[in-house]
Student: 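Can you keep this structure in mind? I'll have questions shortly.
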Amino acid sequence: MQKEKTRVVLAGIGLALAAGYALTASGMRTPSFGDPVGPRTFPYLVAGGLALSSIGLLAEHVAAHRRGETQRPEGVTRVAVVAVCLLAGYCLMFEPLGFIPATAIFLLVFLTALDRGALARNFVIAAVVPVVTWFLLGYLLGAPITALPG
Amino acid sequence: MEHFGALLHGFAVALTPGNLGYAFIGCLLGTIVGVLPGLGPAAGMALLIPITFGMDPTAAIIMLAGLYYGAQYGGSTASILINTPGEASSVMTTLDGHQMARQGRAGAALAVAAIGSLIAGTIGVILLSLLAVPLARFALHIGPAEYFGLLLFSMASVTSLTGGSPAKASFAVFLGLMISTIGIDLQSGMARFTGGVVELQDGIGFVVAAVGLFAISEVLFTLEAVVKGKSEIVPLKGSLWLTREEWRRSRGPIMRGSFLGFFKGILPGGGATIATILSYSLERALSKHPERFGTGMIEGVAGPEAANNGAATGAFVPLLALGLPGSASTAILLGAFLIYGFQPGPELFNSNPELVWGLIASMYIGNVILFVLNLPLIFLFVRILYVPSTVLMPLVLMVACIGVYALNESVLELGLALGFGVLGYAMRKLSIPIPPMVLSIVLGGLLEKSFRQSMTISGGDLDVFVGSPIAIAFLVLSVAVFVLPFLPWRRKTSMAEQK
């Protein structure tokens, strides 16, 4: 049976982050007057805390292994990956295309990916919602979202 | 007597047509947010904050607070009708509330939740009015070293009381503290951890982090749940009121839940969720028929719902008096205060009394608004549950993007929010609690500032942190609270709660 290694992986990431963080902080100069602590001390403390937490994770892993706990976290699902990719595309389209076209495309593709059987409904939502939302938030409330490109 | 005068002035502020309107909008939005599974009050407030820019700050804070405690009301609806809590603090309501719905008593369950929330909210606001000022006066006596100890205690409490793994919780805290150090160091003028990116010199805004960690990651999780299987909605039929017997059985749990919830809400860590667990356990322990809990006992709904609202109100005591948030939701509220240029704490009562007392008075009014909204309009709110999540969730993502973009018109911040969304999703998968991370992002700057101020005052001498009884007390409490999860009896309780 494959052992559950989530805590070990997290601990490794934590230790690497702590080391990189402390190394970056060590490059900061401390002013020669006023503040006896400087901009580095707090980051050092945080790096130390993160390292200790990572060691704590390793200790929990050992304790869990001794108790025979084998529960593994659920994996990443296809719907989450698709949602993140679509959202990334939406973020990239937001300025070049303007709010209304970018949102219409985003909603149409996303709604269709989730429910292909309701194509007509998806078209209506993708056509109406961006316009109404821009009118309410952008036009009436003054949110800085440009309706169209340029 | 002076409090009474200040409270009257607060009512004068809260009862202006504009502020009354915003309180109503906040309560309405909060109820909707609470009804919708997948969106909690923290996510709702994070989404709303950018839209409040340009509003009068007092009105904006009143609306956000309305959303916060409105969500406590709305959360019970989804718990009772679809066995899915609208937010974390409504989990205990599912145990007996949904069973009552299956037995045709959904109306009574919803009614007792609304009545319990009204009573608890009103008791809570009265206690808040009485306690906030003495606590604020006490806080005037604490300096940077004592404040450092207090912040440490707050963060240690949230770390130890959230989730079953102390190491994971402290991992989240230190990750949050790392993020809080990104940007220009105000005391030295040096850019830290910006990687040369100019836009990061202002740091990573907590709204960006909160929208990503709460709203976006919750949407991803909700979509997964939707794809796995549909939730059955129990139709709401019949009377929306209690029988005389049900009211007799509910009175005690409501009163006990109100006080238990309020005083638990004052303590940082766990928020309303732990208050509801404690209330449910108490009612089961006091009941003559504990074996019937989980089969539709009205006491199992009345107590936790009252505790839920009591805790939501109690959380305002440390927030307003000390500037200390005890949960993710109040951390978002603190962030909102800071964005508007207000520093919650003892000075706020002197510098902006109309804001503080206007907010407290609006909470009295908000409880009445919510009671009026929740019972007559419950059939309308229930309709929201019939809107497919496959339609709602993309719309929530759209609103999230608008909210983040509206902050600084920055595509980089949109990308950061998405990154935080992925991080939040990963954290949920790995059972790493998110509230400690959000808390440390909000409090990290204050923690470092009080640390460095203390060291500057003492000339670099660490003895300043044990130089007064108050500072020592907070440090000892911090250590004690942090060690708590490692005690054997506490670990067993925590593992049982996780199950």
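Within every chain, numbering begins at 1; the chains are lettered A, B, ... in the order of the sequence lines, protein sequences first and strands thereafter.
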Student: Is B/Phe174 close to A/Leu52 at the side-chain level, that is, under 4.5 Å between some pair of heavy atoms?
Tutor: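 The answer is no; the side chains never approach within 4.5 Å.
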
Student: Report which part of A/Val129 has an atom under 4.5 Å of a heavy atom belonging to chain B: side chain, backbone, both, or neither.
Tutor: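 Contact with chain B is through the side chain of A/Val129 alone.
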
Student: Looking at A/Pro43, A/Ala59, A/Ala118, A/Ala102, which one has more heavy-atom pairs under 4.5 Å with chain B than the rest?
Tutor: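 Winner by heavy-atom pair count: A/Pro43.
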
Student: Please rank B/Gly421, B/Gly460, B/Pro394, B/Ala426 by heavy-atom pairs under 4.5 Å with chain A and give me the top one.
Tutor: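 Result: the option with the highest number of such pairs is B/Pro394.
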
Student: Just so I understand: if I count every heavy-atom pair under 4.5 Å between each of A/Arg121, A/Met28, A/Arg40 and chain B, which residue has the most?
Tutor: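 Of A/Arg121, A/Met28, A/Arg40, A/Met28 has the most heavy-atom pairs under 4.5 Å with chain B.
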
Student: Just give me the residue among A/Ala80, A/Cys91, A/Gly49 that pairs up with chain B most often, heavy atom to heavy atom, under 4.5 Å.
Tutor: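 Sorted descending by pairs with chain B, the first entry is A/Gly49.
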
Student: Tell me which of these, A/Phe99, A/Phe94, A/Phe106, has more heavy-atom pairs under 4.5 Å with chain B than the rest.
Tutor: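 Between A/Phe99, A/Phe94, A/Phe106, the count favours A/Phe94.
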
Student: Is A/Ala11 close to chain B through its backbone or its side chain, or both, or neither, when contacts mean heavy atoms under 4.5 Å?
Tutor: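 Neither part, no heavy atoms under 4.5 Å.
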
Student: Taking side-chain contact (heavy atoms from CB on, under 4.5 Å) as the criterion, tell me which of B/Thr222, B/Leu423, B/Ile434 meets it with B/Ser217.
Tutor: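 Output: one option passes, namely B/Ile434.
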
Student: Quick check: closest heavy atoms across B/Ser450 and B/Ser454, and the distance to 0.1 Å?
Tutor: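 Residues B/Ser450 and B/Ser454, closest heavy atoms: O-OG, 2.6 Å.
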
Student: Has B/Arg192 got a side-chain atom pairing as donor or acceptor with A/Pro39's backbone, closer than 3.5 angstrom?
Tutor: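 Yes: the side chain of B/Arg192 pairs with the backbone of A/Pro39.
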
Student: Heavy atoms only, distances under 4.5 angstrom: which of A/Val84, A/Leu92, A/Asp115 has the most pairs with chain B? Name it, please.
Tutor: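 Sorted descending by pairs with chain B, the first entry is A/Val84.
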
Student: Out of B/Thr390, B/Val173, B/Leu175, return the one with the most heavy atom pairs under 4.5 angstrom to chain A.
Tutor: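 The option with the most such pairs is B/Thr390.
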
Student: In Å and rounded to the nearest 0.5 Å, what is the CD1 to OG distance from A/Ile13 to A/Ser54?
Tutor: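 Here the rounded value is 9.5 Å.
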
Student: Measure from the side-chain N and O atoms of A/Thr103 to the backbone N and O of A/Ile100, and report whether any donor-acceptor pair falls under 3.5 Å.
Tutor: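 Flag not set: sc A/Thr103 to bb A/Ile100 has no pair under 3.5 Å.
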
Student: For the atom pair CE (B/Met55) and CE (B/Met63), what is the distance rounded to the nearest 0.5 Å?
Tutor: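 Here the rounded value is 4.0 Å.
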
Student: Measure distances from A/Leu50 to the heavy atoms of chain B and classify the residue's part below 4.5 Å as side chain, backbone, both or neither.
Tutor: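 When you check distances to chain B, atoms from both the backbone and side chain of A/Leu50 fall under 4.5 Å.
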
Student: Where on B/Leu418 is there a heavy atom nearer than 4.5 Å to chain A: the side chain, the backbone, both, or neither?
Tutor: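 Only the side chain of B/Leu418 comes within 4.5 Å of chain A.
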
Student: Can you confirm whether more than 12 heavy atoms, excluding those of A/Tyr44, are under 6.0 Å from its OH atom?
Tutor: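 Yes, because the 6.0 Å sphere around OH of A/Tyr44 holds more than 12 heavy atoms from other groups.
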
Student: Do you know which of B/Phe193, B/Phe451, B/Phe171 has the most heavy-atom pairs under 4.5 Å to chain A?
Tutor: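 When all of B/Phe193, B/Phe451, B/Phe171 are compared, B/Phe193 has the most.
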
Student: Are the side chain of B/Glu448 and the backbone of B/Thr181 linked by a donor-acceptor contact shorter than 3.5 Å?
Tutor: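 Not confirmed, B/Glu448 side chain does not pair with B/Thr181 backbone.
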
Student: Checking heavy atoms, do the side chain of A/Leu57, its backbone, both or neither come under 4.5 Å from chain B?
Tutor: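 Answer is both: backbone and side chain atoms of A/Leu57 are under 4.5 Å from chain B.
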
Student: So which of A/Leu87, A/Thr41, A/Thr24 has the biggest tally of heavy-atom pairs under 4.5 Å with chain B?
Tutor: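 Greatest number of close heavy-atom pairs with chain B: A/Leu87.
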
Student: Flag the pair B/Glu224 and B/Lys429 as a salt bridge only when some basic side-chain nitrogen lies within less than 4.0 angstrom of an acidic carboxylate oxygen.
Tutor: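 Yes, B/Glu224 and B/Lys429 are salt-bridged.
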
Student: Which residue out of B/Val391, B/Val399, B/Leu177, B/Val411 racks up the most heavy-atom pairs below 4.5 Å with chain A?
Tutor: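 Top count of heavy-atom pairs under 4.5 Å with chain A: B/Val391.
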
